[in-house]
Amino acid sequence: MSILIDLKILDDRLRSQFPSYATPGSAGLDLRACIETPITLQPGETTLIPTGMAIHIDNTYYAALILPRSGLGHKHGIVLGNLVGLIDSDYQGQLMVSCWNRGNTAFELNPLERIAQLVIVPVMQAEFHVVDDFDTSERGEGGFGSTGKH
Ligand SMILES: O=c1ccn([C@H]2C[C@H](O)[C@@H](COP(=O)(O)OP(=O)(O)OP(=O)(O)O)O2)c(=O)[nH]1
Ligand SMILES: [Mg+2]
């Protein structure tokens with residue numbers, strides 16, 4: 001199943017390198033760094049990178065997540081300054097990627113390099129029913145490693 005989402009190309013370079021699913025089974029499509037010249041990210045540094053595109057999901061049952069690419073994160077320490085980016089269904093601005101060099105060495109980010117990935121996910125908005133007590137559950141209030149203990 002797929003959904004049709006309006007997308008604006010804000011950087012003409014993307015017309016020849018349009019974001020797409022790399023394989024038929026890919027969950028994410030790679031986002032590119034729409035920068036003019038290489039940027040050196042020093043260890044510990046975070047910078048906001050434009051992706052050259054905007055989407056308008058326009059459906060409260062969906063959102064998009066920006067996630068790190070595993071290769072960049074594991075090998076080079078390039079992850080997201082906000083850990084995960086959440087794109088609201090009513091957001092119409094440029095998709096931005098907060099790039100954080102959590103590693104120990106400088107990393108050179110080149111124009112149009114694939115820096116993160118975008119995943120469309122289903123979402124439910126909740127209404128809340130305020131109660132004094134919950135119906136009993138097996139877990140109750142146990143958490144943070146509570147299971148498997150006697
Ligand atoms: O990595 C990200 C995260 C967010 N956004 C955009 C889309 C999102 O819909 C909007 C707001 O994000 P969020 O709600 O996470 O940020 P906030 O700090 O709560 O800002 P706001 O007050 O605008 O909601 O910023 C991005 O482009 N990239
Ligand atoms: Mg917000």
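First listed ligand is number 1; within each ligand, the first listed atom is number 1.
Listed for the Arg32 side chain is no donor-acceptor partner under 3.5 Å among the backbone atoms of Leu14. Formation of a donor-acceptor pair under 3.5 Å by the Arg102 side chain with backbone atoms of Gly73 is found in this model. Not one N or O on the side chain of Glu108 forms a donor-acceptor pair closer than 3.5 Å with the backbone of Thr40.
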Write 'none' if nothing qualifies; otherwise put on separate lines each N/O atom of ligand 1 with a protein N/O atom under 3.5 Å away and their distance to 0.1 Å.
{"unit_1": "ligand 1", "atom_1": "1 (O)", "unit_2": "Asn82", "atom_2": "ND2", "d": "3.0"}
{"unit_1": "ligand 1", "atom_1": "1 (O)", "unit_2": "Met96", "atom_2": "O", "d": "3.4"}
{"unit_1": "ligand 1", "atom_1": "9 (O)", "unit_2": "Asp88", "atom_2": "N", "d": "3.0"}
{"unit_1": "ligand 1", "atom_1": "9 (O)", "unit_2": "Asp88", "atom_2": "OD2", "d": "2.6"}
{"unit_1": "ligand 1", "atom_1": "27 (O)", "unit_2": "Met96", "atom_2": "N", "d": "3.1"}
{"unit_1": "ligand 1", "atom_1": "28 (N)", "unit_2": "Met96", "atom_2": "O", "d": "2.8"}

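Looking at Arg13 and Glu36, a side-chain N of the basic residue comes within less than 4.0 Å of a carboxylate O on the acidic one, giving a salt bridge.
In this structure, CG on Leu41 lies 12.0 Å from CH2 on Trp100, to the nearest 0.5 angstrom.
For Thr46 against Gly81, the heavy-atom pair with the smallest separation is CG2-CA, 4.2 Å.
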